[in-house]
2 protein chains.
Amino acid sequence: MAGGRKFMTKSGIEIAKFLDKRESFASAQEIFLGLRAEGRNFGLATIYRALQSLTSTGEVDVLRRSDGEALYRKCGEDHHHHLICKGCGKTIEIEGVSVEEWAHTIAERHGFREIQHSAEIFGICPDCFTQAEPKRR
Amino acid sequence: MAGGRKFMTKSGIEIAKFLDKRESFASAQEIFLGLRAEGRNFGLATIYRALQSLTSTGEVDVLRRSDGEALYRKCGEDHHHHLICKGCGKTIEIEGVSVEEWAHTIAERHGFREIQHSAEIFGICPDCFTQAEPKRR
DNA sequence: AGCCATAGTGAGAATGATTATCAAAGTCAT
DNA sequence: ATGACTTTGATAATCATTCTCACTATGGCT
């Protein structure tokens, strides 16, 4: 079920590499600017295209910031959830067996099929908590 | 912690009532059109303002559709999660003690503070499953 | 090498939700 | 009714994302 390696264009590979180096979620615009800062000038359209492709194969995870902007991150391919720092954006992949069970149980109780679920935890990481000042924004 | 009743404008009250009658999440645009269909012509700006106010007091829940559009729903004021039908949008409020515990445990293990979490379950409800054809869209 | 077919790129336009403006209309205690 | 203040809503402005389309790179094939 885990999408296997799919064909990826040259720019797609570079964009994936860029995400590999980050430990936090990044918006398409941040990726665009980040690559530009490295001298790699991709068009926004290319970035969005690559991101779509990467998310469709499951190589990249997406989630929505509260303002609706999409954030992307390169992750392990197996199912997992995230613990995200509201200060610096640092993201930790976590497992959630109890969440899986919970979703399954609830869904069954109500007769729902084709279940998916989302579960993320947000908070302030120890670094940001001690430094009164968050690293980002 | 649960935000108490806050002052609400006249239109805000009408918009809240409109949401009261729905059992599924609605976008701002849907609310706009729905009210208009009832002969209540509010400006979009007014709808968005009321929605902001309602969500800030916790009277209305927000979540993001996969395309990033915000969806609103009048809910019980105590903390809960949602089971949402991907077919008709029908939404059921559910509790998730195990999720709360999970979030708390994980956060503590990593030293995170000021924890929040989100957890929703999506699936096809029994009605939509039997009728091959979903009610909405 | 030269040539075609096809996929990939990117500047800029188009879309669409949300937010900001701001003048006009409503509210209310005096 | 008067003035101080709030609410409203038509419209313009933002901003992320998607679409267009001419142009370029690529890969086979001779």
Side-chain angles (χ1 to χ4, degrees), chain A residues 5-19 22 24-57 59-74 84 89 136-137, chain B residues 5-19 22 24-57 59-74 84 89 136-137:
Chain A
R5 293 265 157 274
K6 281 266 194 60
F7 169 73
M8 174 66 19
T9 97
K10 212 184 292 182
S11 350
I13 292 169
E14 289 219 51
I15 290 164
K17 274 189 196 155
F18 179 84
L19 282 175
R22 297 191 51 125
S24 56
F25 279 88
S27 71
Q29 308 282 339
E30 284 167 351
I31 296 168
F32 173 69
L33 292 174
L35 283 165
R36 169 156 297 192
E38 296 180 0
R40 316 309 326 269
N41 288 53
F42 294 103
L44 259 179
T46 304
I47 307 252
Y48 278 106
R49 263 188 300 249
L51 252 17
Q52 267 182 330
S53 165
L54 286 165
T55 54
S56 74
T57 65
E59 291 178 78
V60 164
D61 281 2
V62 208
L63 64 79
R64 296 270 168 187
R65 196 149 60 191
S66 59
D67 67 353
E69 192 171 357
L71 302 177
Y72 304 87
R73 180 164 186 270
K74 192 97 177 295
I84 303 153
R136 172 164 103 171
R137 247 173 245 304
Chain B
R5 294 265 157 276
K6 281 263 194 65
F7 168 72
M8 173 68 18
T9 99
K10 212 185 292 183
S11 352
I13 292 169
E14 288 220 52
I15 290 165
K17 275 189 197 154
F18 179 83
L19 282 175
R22 296 189 52 123
S24 56
F25 278 87
S27 71
Q29 308 283 340
E30 284 166 352
I31 294 168
F32 173 70
L33 292 173
L35 283 165
R36 169 158 298 193
E38 296 181 359
R40 316 308 325 269
N41 289 53
F42 294 102
L44 258 180
T46 305
I47 308 251
Y48 278 106
R49 264 188 299 248
L51 253 17
Q52 268 182 330
S53 164
L54 287 164
T55 54
S56 75
T57 64
E59 291 179 78
V60 164
D61 282 1
V62 208
L63 63 80
R64 295 270 167 187
R65 196 149 58 193
S66 59
D67 67 355
E69 192 171 356
L71 302 178
Y72 304 86
R73 180 163 185 272
K74 191 96 177 297
I84 303 153
R136 173 163 103 173
R137 254 176 238 305

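Throughout, a chain's letter reflects where its sequence line sits, starting with A, and its residues are numbered from 1.
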- For the side chain of B:Arg64, starting at C-beta, report the closest nucleotide among D:dT20, D:dT18, C:dT18. C:dT18
- Note on the structure: Between CD1 of A:Ile47 and C1' of C:dG10 the distance, given in whole Å, is 11 Å
- Are any of A:Tyr48's side-chain N or O atoms less than 4.0 Å away from OP1 or OP2 of D:dT18? no
- Note, A:Phe18 side chain near A:Glu14 side chain (heavy atom, < 4.5 Å): no
- Item | Integer-rounded Å distance: C:dG16 C1' and B:Arg65 CZ | 12 Å
- Query: Would you say C:dA7 has OP1 or OP2 under 4.0 Å from some side-chain N or O of A:Lys10?
  - Reply: no
- Query: What distance separates A:Leu54 CG from A:Met8 CE, expressed to the nearest 0.5 Å?
  - Reply: 4.5 Å
- Note on the structure: Rounded to whole Å, CD of A:Glu14 lies from C1' of C:dG8 at a distance of 14 Å
- Expressed in angstrom and rounded to an integer, what is the separation of A:Leu33 atom CG from D:dC15 atom P? 13 Å
- Between atom CD in B:Glu69 and atom P in D:dA16, what is the gap in whole Å? 17 Å
- How many angstroms lie between atom CG of B:Leu63 and atom CZ of B:Phe25, to the nearest 0.5 angstrom? 4.0 Å
- Below 4.0 angstrom from OP1 or OP2 of C:dG10, is there any side-chain N or O of A:Thr46? yes
- Message: What is the distance, to the nearest angstrom, from the CG atom on B:Leu71 to the C1' atom on C:dA17?
- Response: 12 Å
- Message: Rounded to whole Å, how long is the line connecting atom CG of A:Leu44 with atom P of C:dA14?
- Response: 17 Å
- Task: Check every strand shown and say whether B:Asp67 touches a base, only sugar-phosphate, or nothing at a heavy-atom separation below 4.0 Å.
- Result: nothing
- Query: Can you check the B:Gln52 CD to C:dA17 P distance for me, whole Å?
  - Reply: 17 Å
- Would you kindly compare B:Gly43 and A:Ala45 by the position of their nearest DNA chain D nucleotide and give the one closer to the 5′ end? B:Gly43
- Task: Spell out, as yes or no, whether a donor-acceptor pair under 3.5 Å connects the side chain of B:Arg73 to the backbone of B:Leu19.
- Result: no
- Task: Side chain of A:Arg49 only, please: which of C:dG10, D:dA16, C:dT18 is the nearest?
- Result: C:dG10
- Task: Rounded to the nearest 0.5 Å, what's the gap from CD1 on A:Ile15 to CZ on A:Arg40? Could you check?
- Result: 10.0 Å
